[in-house]
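Down below is the structure, laid out as structure tokens.
Letters A, B, ... mirror the listed sequences (proteins, then strands); counts begin at 1. Keep in mind the model is a prediction, meaning the values are calculated, not measured.
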Amino acid sequence: MLDIQLIRKQPDDVKRRLNQRGTDYTSVIDEILSIDEQRRLAETERQKLQSDRNRISKEIGIAKKNGQDTSAIEAEVRGIGTRIDEIGREADALDVRQRDIMLGLPNMPHEACPVGASSEENPEVRTWGSKPDFTFQPKDHISLATSLGLIDFEAGIKISGSAFIVYRGQGAKLERALLNFLLDLHTTQHGYTEVAVPHLVKPECLVGTGQLPKFDDQLYKCERDNLYLIPTAEVPVTNLHREEIVATDKLPIKYAGYTPCFRSEAGAAGVGTRGMIRMHQFDKVELVKITTPETSFAELEDLTADAEKVLQLLGLHYRVIELCTGDIGFGSTKTYDIEVWAPGQNGYLEVSSCSNFGNFQARRMNLRYKPEGEKKTVFCHTLNGSGTALARLYVALLETYQQADGSIAIPPALQPYFHAEKIG
RNA sequence: GGAGAGAUGGCUGAGUGGUCGAAAGCACAUCUUUGCUAAAGAUGCGUAGCCUUACCGCUACCGAGGGUUCGAAUCCCUCUCUCUCCGCCA
């Protein structure tokens, strides 16, 4: 959520920066300002009336003690009460309306965020490694995983429908090995605390991280219990500190957590959904940081490097791109995507998206800290990035390490977890 | 699922209709004094909003939401959560 004070003070600046996303927010900001002004007028009036009522009610109390008749003055206060109800309803309605609009408003891209209209204009920041050469025609992960019996695509469809898969045998073990490798790397080498969190969350958590109210159709919901399946561990992990004033010496807080992720992917069916590249359920290790405003952008660089380390250790070629203003996510102010090379796709797959949300999420979940020597609390900055998504990492691994005889080599870093040098 | 108890400021914990935003203690901050790895005293110390250049001031908040009343932490209703016991269960 944006700061209403900032919108009031620098509306043109806010409009300019939001409009860089490629949508015109001019009229929305004007509407917010108009509602805000009406709201404050009503609020001031209400408070004045409440003040009157408090004062007179106290006088009544005193008069009654002295045995005086107060019926006339009580009638007067009753009238004030009626007016408080009226003006109060108006103020509350305006407040709700203002909040609803504010919750639907995206974050402002950072000033340094590259301006662009779409993903076409995302600049490449750096690359690591190179595309592997094959002496044979490389296969894609679908045929590799099927012929080696690692993944049963039909079984996934049978029990849950399309875009669900079943890992079997060595295939299931490979997924488990990757998970352990990732969690161990981040917790022992990068200083993250491992957390295992619920996979079902209350709606307010999703409001906190920004998925609600706007992206309700992308989520699986358990209607009867009013709980949602998490689309990413970002939601429960960041919300661990919702409504808190965290101690300054605890910052930065760094969490690594594995969870499955559930996404309905409404409207995403069709192109690019074959195999295991886009699924309704996939595993992911997520990195989350809660920091002070001063350090968040440096922490973003570190977080991205932590995610890159995964691909480096596994020997997978990748590139890092920065998302331009037209492609950046709803709550983010700056985002790096890490894309791994998948030979069977002849293309790059996004395995991590590392973002700094500034205080956008912190405002929504009221997450603050009190700086040393300051009286006022300040909103924290929140960051997260995949470290990394498992399914696409799995794809890149199979396709990169496939051998001429159809087997899959296991990179050395993963062997202590997989307990074998190859599959097949 | 059944029965009971509870929810007050960073913590402990008073407060059952009228200067209660809330006693007291602890913790914390500043200062003073005595001194030496501490003690005593003084003062301050919740959050948010409105109004203000600022100061001042005002309003709301005692789990949440309604209600009664001139006036609610306090009375009534609904809900949520926590704890204890029973049942069921991986």
Go through the side-chain N and O atoms of [X] and [Y] and say whether any donor and acceptor fall under 3.5 Å apart.
| X | Y | answer |
| --- | --- | --- |
| A:Q361 | A:T209 | no |
| A:H241 | A:Y255 | yes |
| A:N19 | A:R16 | no |
| A:E308 | A:Y318 | yes |
| A:Q211 | A:Q218 | no |
| A:N356 | A:T333 | no |

Under 3.5 Å, side chain of A:T400 to main-chain N/O of A:A396, donor-acceptor pair present?
-> yes
Has the side chain of A:Q47 got a donor or acceptor atom that lies under 3.5 Å from a matching backbone atom of A:T44?
-> no
Using the [atom1] atom as the point on both nucleotides, what is the distance between [M] and [N], in whole Å?
| N | M | atom1 | answer |
| --- | --- | --- | --- |
| B:rC11 | B:rG17 | P | 28 Å |
| B:rC61 | B:rA72 | P | 8 Å |
| B:rC56 | B:rA5 | C1' | 47 Å |
| B:rU19 | B:rA60 | P | 14 Å |
| B:rC77 | B:rA29 | C1' | 44 Å |
| B:rU68 | B:rU74 | P | 15 Å |
| B:rU33 | B:rC20 | P | 36 Å |
| B:rC55 | B:rU47 | P | 16 Å |

Kindly write out the residues that satisfy side-chain contact (heavy atoms from CB on, under 4.5 Å) with A:V14, not counting sequence neighbours, or none if the list is empty.
-> A:L2, A:L6, A:I7, A:L18, A:I29, A:M108
Just wondering, more than 12 heavy atoms not from A:E421 lying within 6.0 Å of its CD?
-> no
Rounded distance in Å - [atom1] ([X]) to [atom2] ([N]):
| X | N | atom1 | atom2 | value |
| --- | --- | --- | --- | --- |
| A:D85 | B:rA60 | CG | P | 13 Å |
| A:N226 | B:rC79 | CG | C1' | 13 Å |
| A:M102 | B:rG49 | CE | P | 12 Å |
| A:R368 | B:rG10 | CZ | P | 10 Å |
| A:E243 | B:rC81 | CD | P | 16 Å |
| A:D92 | B:rA64 | CG | C1' | 15 Å |
| A:E204 | B:rG65 | CD | C1' | 15 Å |
| A:L367 | B:rU47 | CG | C1' | 15 Å |

If the condition is ring-ring contact (aromatic ring centres under 6.0 Å, His included), which residues does [X] pass it with, not counting sequence neighbours?
| X | answer |
| --- | --- |
| A:F181 | A:Y417 |
| A:F360 | A:F330 |
| A:F262 | none |

Under 3.5 Å, which protein N or O atoms sit close to an N or O of nucleotides 68-73 of chain B? Give each pair with its distance.
{"unit_1": "B:rC70", "atom_1": "OP1", "unit_2": "A:R78", "atom_2": "NH2", "d": "2.8"}
{"unit_1": "B:rC70", "atom_1": "O2'", "unit_2": "A:S57", "atom_2": "OG", "d": "3.1"}
{"unit_1": "B:rC70", "atom_1": "N4", "unit_2": "A:K64", "atom_2": "NZ", "d": "3.0"}
{"unit_1": "B:rG71", "atom_1": "O4'", "unit_2": "A:S57", "atom_2": "OG", "d": "3.2"}

Under 3.5 Å, side-chain donor or acceptor atoms of residues 281-293 of chain A against the rest of the protein: list the pairs with distances, not counting sequence neighbours.
{"unit_1": "A:D283", "atom_1": "OD1", "unit_2": "A:Y258", "atom_2": "OH", "d": "2.8"}
{"unit_1": "A:K284", "atom_1": "NZ", "unit_2": "A:T232", "atom_2": "OG1", "d": "2.8"}
{"unit_1": "A:K284", "atom_1": "NZ", "unit_2": "A:E286", "atom_2": "OE1", "d": "2.6"}
{"unit_1": "A:K289", "atom_1": "NZ", "unit_2": "A:E299", "atom_2": "O", "d": "3.1"}
{"unit_1": "A:K289", "atom_1": "NZ", "unit_2": "A:E299", "atom_2": "OE1", "d": "2.6"}
{"unit_1": "A:T292", "atom_1": "OG1", "unit_2": "A:E294", "atom_2": "OE1", "d": "3.4"}
{"unit_1": "A:T292", "atom_1": "OG1", "unit_2": "A:T295", "atom_2": "OG1", "d": "3.2"}

Under a 4.0 Å heavy-atom cut-off, which of [range] touch RNA chain B?
| range | result |
| --- | --- |
| residues 43-51 of chain A | A:T44, A:Q47, A:Q50, A:S51 |
| residues 5-13 of chain A | A:R8 |
| residues 30-42 of chain A | A:R39, A:R40 |

Identify all side-chain donor-acceptor contacts of residues 78-94 of chain A below 3.5 Å with residues at least two apart in sequence or on another chain.
{"unit_1": "A:T82", "atom_1": "OG1", "unit_2": "A:R78", "atom_2": "O", "d": "3.1"}
{"unit_1": "A:D92", "atom_1": "OD1", "unit_2": "A:R46", "atom_2": "NH2", "d": "3.0"}

Side-chain touch A:K214/A:L103, heavy atoms, less than 4.5 angstrom = no
With sequence neighbours left out, the residues meeting side chain to side chain donor-acceptor pair (under 3.5 Å) with A:Q170 are none
Pair assignment for RNA chain B - dot-bracket with | for other-strand partners, Watson-Crick or G-U under 3.5 Å = ((((((((.[[[..)..(.....]]].(((((((...))))))).(((((......))))).[[[[[..)....]]]]])))))))....
